[in-house]
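A quick write-up on the structure given underneath.
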Amino acid sequence: MNPAVPVIQIEGLCKDFGGLRAIDDLSFEVRSREIVGVVGPNGAGKSVLVNLITGFYRATVGAIRFMGTDITRLPRHRISRLGVARTFQNIRLFNRMTVLENVLVANKLHGTAPFASLLAVRRQQREVAAAMDLLTLMRLADRADQMAGTLPYGDARRLEIARALAGTPKLLILDEPAAGMNEEETAELIEDVRSTRSLLEAIILIEHDMTLIRELSDRLVAMDYGRKMAEGTTEAVFANPVFLKAYLGLEADNA
């Protein structure tokens with residue numbers, strides 16, 4: 001990839017729902033090998049942004065470019081095939097399938113008829129080996145034959161990341177991956193995300209957990225009421241008085 005071309009570029013993005021503007025003239029970019037954290041209070045528009053990038057919503061105004069290609073009006077399956085993957089705030093697994101099967105059916109090569117192709121995929125040792133590599137990366141290899149619906153919460157979150165990686169994406173968007181996790185699970189998640197970094201061009205991290213944000217993000221984009229209120233290094237944004245007051249309810253001297 002040409003390092004001069006951003007992995008994702010947001011330009012003047014707006015999204016209206018009736019008379020409500022959920023995203024308002026938002027612009028930023030994510031460069032190659034970056035983890036960019038997107039933070040802000042509830043209702044800031046973070047999840048709307050994710051849905052716009054991944055094609056679940058259509059922008060009212062503005063442009064989204066992925067590795068130089070305008071994806072603003074593309075359907076979500078085409079955006080996925082270009083190399084954009086995401087996880088969800090609410091875990092979405094096939095609970096009645098095994099951990100391994102969840103990863104196999106997520107492979108974009110079989111996305112048009114995942115269930116019909118499942119048995120064929122299982123006969124292909126390279127596909128199974130690749131899925132097992134992802135489960136090993138996420139420390140789930142020993143649970144490969146376990147039903148996904150019986151996984152502990154932290155492992156279910158890991159499986160969702162493994163499934164997102166199964167399509168060999170270039171950009172991974174993690175939408176509040178630490179939601180509902182305790183401190184130990186969050187610490188493990190930090191290591192999991194670090195271990196995936198070499199597989200991707202970039203990561204966008206939507207998160208409220210400030211420990212996770214500080215540990216993982218190279219830069220931050222802070223949002224409020226659908227607008228960008230601050231952008232820069234993690235240290236710079238956490239020192240920004242506008243961000244501190246809007247998000248943390250603190251004055252700069254108390255941070």
Side-chain angles (χ1 to χ4, degrees), residues 35 50 54 56 76-77 79-207 209 211-212 215-216:
I35 297 179
V50 175
T54 54
F56 283 74
R76 61 191 186 189
H77 70 274
I79 294 172
S80 175
R81 288 174 184 170
L82 285 172
V84 179
R86 67 171 295 181
T87 63
F88 293 84
Q89 290 183 31
N90 299 315
I91 299 172
R92 300 185 181 185
L93 300 176
F94 297 111
N95 288 330
R96 295 185 179 181
M97 299 175 70
T98 68
V99 169
L100 176 59
E101 286 168 344
N102 265 268
V103 178
L104 288 172
V105 299
N107 190 315
K108 67 180 179 182
L109 296 176
H110 307 280
T112 55
F115 294 102
S117 64
L118 178 58
L119 294 177
V121 171
R122 294 184 69 177
R123 289 194 297 267
Q124 297 173 12
Q125 293 303 311
R126 286 188 303 175
E127 298 294 338
V128 174
M132 287 302 300
D133 285 344
L134 290 175
L135 293 180
T136 299
L137 185 71
M138 291 290 106
R139 292 175 285 160
L140 291 171
D142 61 341
R143 296 184 181 270
D145 295 326
Q146 183 173 335
M147 300 301 288
T150 67
L151 289 174
Y153 186 82
D155 286 344
R157 283 285 183 191
R158 287 195 193 89
L159 178 55
E160 191 170 39
I161 294 174
R163 290 201 328 156
L165 294 172
T168 60
K170 298 177 179 68
L171 172 68
L172 177 62
I173 305 174
L174 299 172
D175 193 357
E176 299 194 20
M181 287 188 172
N182 59 37
E183 289 186 12
E184 181 179 352
E185 290 169 333
T186 299
E188 291 175 348
L189 177 63
I190 289 169
E191 295 307 313
D192 293 335
V193 174
R194 283 175 175 157
S195 67
T196 68
R197 191 167 190 169
S198 64
L199 303 178
L200 299 154
E201 282 293 330
I203 297 172
I204 294 177
L205 177 62
I206 313 293
E207 188 52 69
D209 189 296
T211 298
L212 197 80
E215 289 286 336
L216 291 173

With rounding to the nearest 0.5 angstrom, report the [atom1] to [atom2] distance, [X] to [Y].
X: Leu100; Y: Asp145; atom1: CG; atom2: CG; result: 7.0 Å
X: Asp142; Y: Leu135; atom1: CG; atom2: CG; result: 9.5 Å
X: Glu207; Y: Leu216; atom1: CD; atom2: CG; result: 9.5 Å
X: Asp175; Y: Arg86; atom1: CG; atom2: CZ; result: 5.5 Å
X: Ile161; Y: Leu172; atom1: CD1; atom2: CG; result: 7.0 Å
X: Met138; Y: Leu189; atom1: CE; atom2: CG; result: 8.5 Å

Does Gln89 use its side chain to pair, donor to acceptor, with the backbone of Ala179 at less than 3.5 Å?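 Pair absent, no side-chain N/O of Gln89 close to backbone of Ala179.
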query: With no hydrogens and no angle check, is any side-chain donor or acceptor of Thr136 less than 3.5 Å from a backbone partner on Met132?
result: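 Yes, the answer is positive, given that a donor and an acceptor are paired below the 3.5 Å cut-off.
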For a quick test of reading the model, state the closest non-hydrogen atom pair linking [X] to [Y] and the distance between them.
X: Phe88; Y: Arg157; result: O-NH1, 3.0 Å
X: Glu127; Y: Leu104; result: O-CD2, 3.7 Å
X: Ala164; Y: Ala85; result: O-CB, 3.5 Å
X: Val103; Y: Ala166; result: O-CB, 3.6 Å

Output all residues satisfying side chain to side chain donor-acceptor pair (under 3.5 Å) with Glu191, sequence neighbours left out; order by chain, then residue number.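 By the side chain to side chain donor-acceptor pair (under 3.5 Å) rule, Glu191 matches Arg194.
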>> Applying side chain to side chain donor-acceptor pair (under 3.5 Å), can you list everything that pairs with Thr211, at least two apart in sequence or on another chain?
In response: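 Side chain to side chain donor-acceptor pair (under 3.5 Å) check on Thr211 returns nothing, list empty.
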Pairing residues for Arg163 by the salt bridge (Lys or Arg N to Asp or Glu O under 4.0 Å) criterion, not counting sequence neighbours =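 Arg163 satisfies salt bridge (Lys or Arg N to Asp or Glu O under 4.0 Å) with no other residue.
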Results of salt bridge (Lys or Arg N to Asp or Glu O under 4.0 Å) for Glu188 - residues two or more places apart only: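 Listed in chain order: Arg158.
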Let me see the working for Met181 and Thr186 under side chain to side chain contact (heavy atoms under 4.5 Å, CB included), right down to the final yes or no.
CA-CA 6 Å; Met181 287 188 172; Thr186 299; 3.6 Å; yes
Let me have the donor-acceptor pairs involving side chains of residues 90-98, under 3.5 Å, with sequence neighbours excluded, atom names and distances please.
from, atom 1, to, atom 2, distance (Å)
Thr98, OG1, Glu101, N, 3.0
Thr98, OG1, Glu101, OE1, 3.4

Pro177 side chain reached by Asp209 side chain, heavy atoms, under 4.5 Å: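 No; the side chains remain at least 4.5 Å from each other.
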> Do Leu199 and Leu137 come within less than 4.5 Å of each other through their side chains, counting heavy atoms only?
Replying inline: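 With C-beta onward as the side chain, the pair touches.
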### Query
How far apart are the C-alpha atoms of Leu212 and Val193, what are their side-chain angles, what is the distance that settles it, and do they pass the side chain to side chain contact (heavy atoms under 4.5 Å, CB included) test?
CA-CA 10 Å; Leu212 197 80; Val193 174; 5.7 Å; no
Q) Counting heavy atoms not belonging to Arg76, are there more than 12 under 6.0 Å from its CZ? A)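 For Arg76, atom CZ is not crowded (no more than 12 foreign heavy atoms under 6.0 Å).
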Tell me every residue that passes side-chain contact (heavy atoms from CB on, under 4.5 Å) with Leu171, counting only those two or more places apart in sequence or in another chain.
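side-chain contact (heavy atoms from CB on, under 4.5 Å) list for Leu171, sorted by chain: Val7, Ile8, Phe66, Val84, Ile173, Ala202, Ile204.
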Worked verdict on Leu134 versus Leu140 for side chain to side chain contact (heavy atoms under 4.5 Å, CB included): CA-CA 8 Å; Leu134 290 175; Leu140 291 171; over 6 Å; no
